[in-house]
There are 2 protein chains.
Amino acid sequence: MVKQVTEMLKGTLEGIVLAILSVRPAYGYEITAWLRDQGFTDIAEGTIYALLVRIEQRGLVDVQKIPSEKGPPRKVYSLNAQGQLYLDDFWRTWSFLTERLEQLRDRIERPQEEGE
Amino acid sequence: MVKQVTEMLKGTLEGIVLAILSVRPAYGYEITAWLRDQGFTDIAEGTIYALLVRIEQRGLVDVQKIPSEKGPPRKVYSLNAQGQLYLDDFWRTWSFLTERLEQLRDRIERPQEEGE
DNA sequence: CGCCGCTATTCAGTGATACTACCTACCGGT
DNA sequence: ACCGGTAGGTAGTATCACTGAATAGCGGCG
């Protein structure tokens, strides 16, 4: 029943990853693990990698291949200037959405103020 | 460039419409107009109708055909018990997402507290 | 040595959702 | 008869996340 989060993540997950990369560069496996840690337990492995490929192709991130002690080399992504602009847009869009949703929720909780 | 809202609406728009219907019953044309009014200027006409068909088929709303003075009859949708349960789930999922995003934004704005 | 587990990435196919771009239909006014 | 506003509907497309794999490097255990 509750696959809502899957659909709600569309468009948002991208912003989340860019936001993570704005804190510091990271690679796919690391990001996935961190997200699971934060409670996004149902984010599939492949999802993050596909997303990273997309944002790389759009030129929002720079990539560096760095050898790992244990396993194949890591692709470390870092946010570039264009990515930062896109992230700013993301936060604006997100704020717009949250404001509208908050208004709706308020109206539902206080039906007498239905003034419209 | 800024089609972010389109992707971010996926999964969210459904909740928004259900939330609107929880305030009072409404019909498609009315909902679309209201959304445009609220700043969702790029929501296409057809989108809402398709969404209403979906939630009706899932049994989240009840439908009543009511004649209009000007134009074809309206299909007035109202949230039923199952829809209310689904809406509750939506708010839970939404809260989870906003909390995570707020945490992320806070961490970015205060990078010295990166403690993790 | 061979297998397993962990790290790390990639990919083809599927499903859900919103958009584009239309079409149908009812009504009143010119 | 036509047009604009009201009202609903649909086929095709694009995007995005998920499923379920495969590939590859490395270390440890029997």
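Just so we're clear, the structure is a prediction, and the values are computed from it rather than from any experiment. Note that these values count all heavy atoms, side chains included, but never hydrogens, waters or copies made by symmetry. A, B, ... follow the sequence lines: proteins, then strands. Residue 1 opens every chain.
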Find out if a path of hydrophobic residues (ILVMFWY) with successive side-chain heavy-atom gaps under 4.5 Å connects A/Ile20 to B/Leu101.
yes

Find the distance B/Arg54:CZ to D/dG9:P and express it as a whole number of Å.
14 Å

Find the distance B/Ile31:CD1 to D/dT6:C1' and express it as a whole number of Å.
15 Å

Do the side-chain N or O atoms of A/Arg74 get closer than 4.0 angstrom to the phosphate oxygens (OP1, OP2) of D/dG25?
no

Name the nucleic acid region contacted by A/Gly11, choosing base, sugar-phosphate or nothing; use a 4.0 angstrom heavy-atom cut-off, strictly under.
sugar-phosphate

Between atom CG in A/Leu52 and atom P in C/dC11, what is the gap in whole Å?
13 Å

Interface with DNA chain D, restricted to residues 56-64 of chain B and to heavy atoms under 4.0 Å:
none

Name the residue closer to the 5' end of DNA chain D, choosing between A/Leu51 and B/Lys65 according to the nucleotide with the nearest heavy atom.
B/Lys65

Considering residues at least two apart in sequence or located in another chain, which fulfil the ring-ring contact (aromatic ring centres under 6.0 Å, His included) criterion with B/Phe40?
A/Phe96

Just N and O in the side chain of B/Ser68: are any of them under 4.0 Å from OP1 or OP2 of D/dA7?
yes

Could you tell me the separation between the CE atom of A/Met8 and the C1' atom of D/dA17, rounded to a whole number of Å?
14 Å

Charged N to carboxylate O below 4.0 Å: is that the case for A/Glu30 and A/Arg24?
yes

Heavy atoms, side chains only, cut-off 4.5 Å: are B/Glu14 and B/Ile55 in contact?
yes

Non-hydrogen side-chain atoms of B/Gln103 and A/Gln38 separated by less than 4.5 Å:
yes

Respond yes when some side-chain nitrogen or oxygen of B/Thr47 is under 4.0 Å from OP1 or OP2 of C/dC19, and no when none is.
yes

Could you state whether A/Trp91 and A/Leu85 fall into the same hydrophobic cluster, counting links through intermediate Ile, Leu, Val, Met, Phe, Trp or Tyr residues with side-chain heavy atoms under 4.5 angstrom apart?
no

So does A/Tyr49 get a side-chain nitrogen or oxygen closer than 4.0 Å to the phosphate oxygens (OP1/OP2) of C/dA8?
no

Rounded to the nearest 0.5 Å, how far does CG of A/Leu21 lie from OH of A/Tyr77?
9.5 Å

If I take atom CZ in residue B/Arg36 and atom C1' in nucleotide D/dG5, what distance separates them, rounded to the nearest angstrom?
14 Å

Nearest-nucleotide comparison on DNA chain C, the residue closer to the 5′ end among A/Lys10 and A/Glu45
A/Glu45

How would you label the contact of A/Glu30 with the nucleic acid (heavy atoms, under 4.0 Å): base, sugar-phosphate, or nothing?
nothing

Group every Ile, Leu, Val, Met, Phe, Trp and Tyr by side-chain heavy-atom contacts under 4.5 Å, then state whether B/Val61 and B/Ile31 land in the same group.
yes

Can you tell which of C/dC19, D/dA17, D/dG25 lies closest to the side chain of A/Pro72?
D/dG25

A/Ile48 CD1 to C/dC11 C1': how many Å, rounded?
16 Å

Out of C/dC19, C/dA8, D/dT19, minimum distance to the side chain of B/Ala44 belongs to C/dC19

Nearest-Å distance for atom pair OH/C1', residues B/Tyr29 and C/dC26:
13 Å

Per A/Leu13 side chain, nearest of listed nucleotides D/dA17, D/dT19, C/dC19
D/dA17

For B/Lys70, answer base if it contacts any base atom (sugar-phosphate contacts may also be present), sugar-phosphate if it contacts only those atoms, and nothing otherwise; contact means non-hydrogen atoms under 4.0 Å.
sugar-phosphate

Quick one: is A/Lys75 getting a side-chain N or O under 4.0 Å of the C/dT10 phosphate, OP1 or OP2?
yes

How close or far is atom C1' of D/dG25 from atom CD of A/Glu69, stated in whole angstroms?
12 Å

C/dT10, D/dG9, D/dT15: which one has an atom nearest the side-chain heavy atoms of B/Glu7?
D/dT15

